[in-house]
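Provided herewith is a single structure, encoded as structure tokens, for subsequent inquiry.
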Amino acid sequence: MTTKITKTEIGAAALAGALATALTLVSATASAQTMGGDKAGKEKCYGVSLKGENDCAAGAGTSCAGSSKVDYDGSIWKYVPKGTCETIKTPQGTGSLKPVKS
Amino acid sequence: MPHALQAEFATVLRDPALPLPTSVISHTSRTPQKRFAVYRNNVMVGLIGALESRFPATRRIVGDEFFAAAARVFASTQPPRSPLMMTYGDEFPDFLASFEPAAEIAYLADVAGLEAARTRAYHAADAAPLEPAAFSQIDADRLADLCIVLHPSVEIIRSQFPIVVIWAMNAGDMELGPVADWRGDDALVARPALDVEVRRLPPGAAAFLQSLSADAPLGTAAESAAASDPAFDLAVNLAALFSAGLAISATHRP
Amino acid sequence: MRIASSLPASAGVGFKPQHFPAIAAVAQPLGFFEVHAENYMGAGGPPHAQLGFLRERYALSFHGVGLSIGSTERIDRAHLARLRILCDRYQPESFSEHLAWSSHGGIFFNDLLPLPYTQATLATIIEHVDEVQAALGRRMLLENPATYVRFAESEISEPAFLAAIAGATGCGLLLDVNNVYVSARNHGAEARVYLDEFPLDLVGEIHLAGHFETVDEAGAPLCIDAHGSPMIDEVLALYESVIGRTGPLPTLIEWDNDVPDWPILLGQAQSAQAVLDRCCARDRAQSAA
């Protein structure tokens, strides 16, 4: 199916109608939110905190992550993903994925 | 410090196969390998740690061991170019997209892209969302020419995969399980106030928002959204735009 | 140009965002908070909301970790400009950086790397400190690093090197007592000897932290400046001996890895505050006598 859209399809009246509907929808949600008080409560917490990544500590001095060579050859890569990807079954199993269009 | 010595120190820091600069010593050794390794490890583990904390859902999907190994390959080939560690890993999603050992997890790079956008939104500029009341003052006859500026934190990630659900499951927001609906998601990341929000966009909304952020006026944006998906509903999208605080100004084209 | 530091001579803590709810809940018995400047160089969001909250209630110290003052290349002008904007916005009571380098050839190493202490290095650092102070319109504090190796060409002791930089630039010094302990032990030297040589009259702030100890390839002690544990008694004793000589100084507890719950970190600050209080009590007793 091809959809032909011309400028006349969304005219001034349609835009105005959509805006009016939108504003009605928003005022309904806004009053619901005010009742719940959810948003105000969240903002008092100054948002969820992420860790700052710059610091001056030498945490990992005795690991060996930086002192062995990074040998990377895709064909002999020794690591296999072993996380939740085993649970997130796709329509094609965990193998090669093709997007499913419906 | 001679420039050549610092350059050599920097090179040796990144390549454990190279011998130490001869002037690097300790009171116990002429070649203090283990002591020099402290610096090498700090650098590498610090970079892996920065990626781990920026991409927690991606890490959960592939597991800690695979993630650390992949992060190490990334860090050794694409070290930071800026002292702002908050920006480190912007290129990690692209790296994963072409990282062969992760090829079977086709959705991985897009989930990482969503996580990268979330951190950018976290640090994005603050801007007060426009009150919906401001829109009711607008001249209805000239709506087509209205230019709506979106909040600086807004990013849209379009994926062939259901990345919002996959991300939510791995961010602890949803229980882990099989994904029933395997259609692609248009994800919206925004931080209208202080909390970063992730939403799954309705049909056509991605084209609508992308068009607005490319400075198209409302009429043009609505038309391109309708062209991209016939199910696009302008009223619903405008309502979402206002209630989610995504618009920060609306002015008529001069 | 403003003085190097106007922090209160009491205990402070390195701010960690995960402690924000605990810190915001009640007024904390602390003189100041310190933040790593680079973590606040984003445009907005929660980091600035939190920093703004702290600014309204406490003295602030900005501690840079990315300027690479010891670089043999030019100071990163863009980074210096970001620092200037941040200092102008928040007007911190102190700005400090490290005697170290962290960038070279366009790559940022995210670590504080060591320098040979030679006349040539001295000239470079003096030039860079001058440039930073001119750009920021304020005097800075320069911190002694924790080091794991040394350079064969070093010809000046670290305390003398820092004294020479301060003498030439007018900058103050940040004395990290844990770094003194760590470096002395790593180089088979005595922390007390180092402190005897250190120009204590130039110290504008003190850092305290935990470290862990392992051994090098020869079996000699190798201390890692991990900031992931409580400070050890020896470091606290060195600190008390410094305060006994200088009088009370702004004193910061750094804890960056395996960050504990807020009460534990606050407890570390209270240990330092107790040392400062004892020093004041002794001064009062002496002036009364």
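Numbers restart at 1 for each chain; the letters A, B, ... are given by sequence-line order, proteins then strands.
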Problem - Reported CG-to-CZ distance for the pair A:L23 and B:F135, which is rounded to 0.5 angstrom - result: 8.0 Å
Exercise for the section: Would you mind telling me which of B:M169, B:E65, B:M86 has the largest number of heavy-atom pairs within less than 4.5 Å of chain A? Expected result: B:E65
Handout entry: Which atom of A:N54 lies closest to which atom of B:P83, heavy atoms considered
Key = ND2-O, 3.0 Å
Problem - Distance (rounded to the nearest 0.5 Å) between A:E53 CD and B:L51 CG - result: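 If we round to the nearest 0.5 Å, A:E53:CD and B:L51:CG are 9.0 Å apart.
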Problem - Where B:F242 and A:A22 come nearest, the two heavy atoms and their spacing - result: CE1-CB, 4.1 Å
Problem - Test item: A:P81 and B:F67 side chains (from C-beta on) under 4.5 Å apart, heavy atoms - result: no
Practice task
Compare every heavy atom of A:V80 with every heavy atom of B:F66, then report the nearest pair and how far apart it is.
Solution key: CD1-C, 3.6 Å
Problem - Pick from A:G17, A:A16, A:S68 with the largest number of heavy-atom pairs that fall under 4.5 Å of chain B - result: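 Heavy-atom pair counts peak at A:S68.
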Fill in the blank from the handout: In terms of heavy-atom pairs under 4.5 Å with chain A, the winner among B:A239, B:A75, B:G63 is B:A239
Handout entry: Which portion of B:D15 sits near chain A, non-hydrogen atoms under 4.5 angstrom
Key = side chain
Handout entry: Largest heavy-atom contact set with chain A, pairs under 4.5 Å, which of B:R72, B:M44, B:R142, B:M85
Key = B:R72
Exercise for the section: Working to the nearest 0.5 Å, report the span between CD of B:E175 and OG1 of A:T87. Expected result: 11.5 Å
Handout entry: Between B:I166, B:V43, B:N170, the one whose heavy-atom pairs under 4.5 Å with chain A are most numerous
Key =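 When all of B:I166, B:V43, B:N170 are compared, B:N170 has the most.
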Handout entry: Heavy-atom pair of closest approach, residues B:A235 and A:T21
Key = CB-CB, 3.7 Å
Problem - Residue pair A:T84 / B:R59, side-chain donor-acceptor N/O under 3.5 Å - result: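 Absent: no donor and acceptor within the cut-off.
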Handout entry: Heavy-atom closest pair, residues B:V236 and A:L25
Key =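 Reported closest heavy-atom pair: CA-CD1, 4.4 Å.
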Exercise for the section: Starting at NZ of A:K51, measure out to CZ of B:R54 and round the result to the nearest 0.5 Å. Expected result: 13.5 Å
Problem - Heavy-atom check, side chain of B:V62 versus side chain of A:Y79, under 4.5 Å - result: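 No, side chains not in contact.
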Problem - Non-hydrogen atoms of A:A12 and B:D141 that approach each other most closely - result: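 Heavy atoms only, the tightest pair is CB-O, 4.3 Å.
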Exercise for the section: Heavy atoms only, distances under 4.5 angstrom: which of B:P178, B:A50, B:A57 has the most pairs with chain A? Name it, please. Expected result: B:A50
Handout entry: Which atoms of B:S136 approach chain A - backbone, side chain, both or neither, heavy atom under 4.5 Å
Key =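 Both parts, backbone and side chain.
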Problem - Atom pair CD1 (B:I61) and CD (A:E86), whose distance is rounded to the nearest 0.5 Å - result: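 If we round to the nearest 0.5 Å, B:I61:CD1 and A:E86:CD are 12.5 Å apart.
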Problem - Heavy-atom proximity to chain A below 4.5 Å, by part of B:L84 - result: backbone
Practice task
Please round to the nearest 0.5 Å and tell me the distance separating atom CG of A:L15 and atom CD1 of B:I138.
Solution key: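 Spacing of CG (A:L15) from CD1 (B:I138) equals 11.5 Å.
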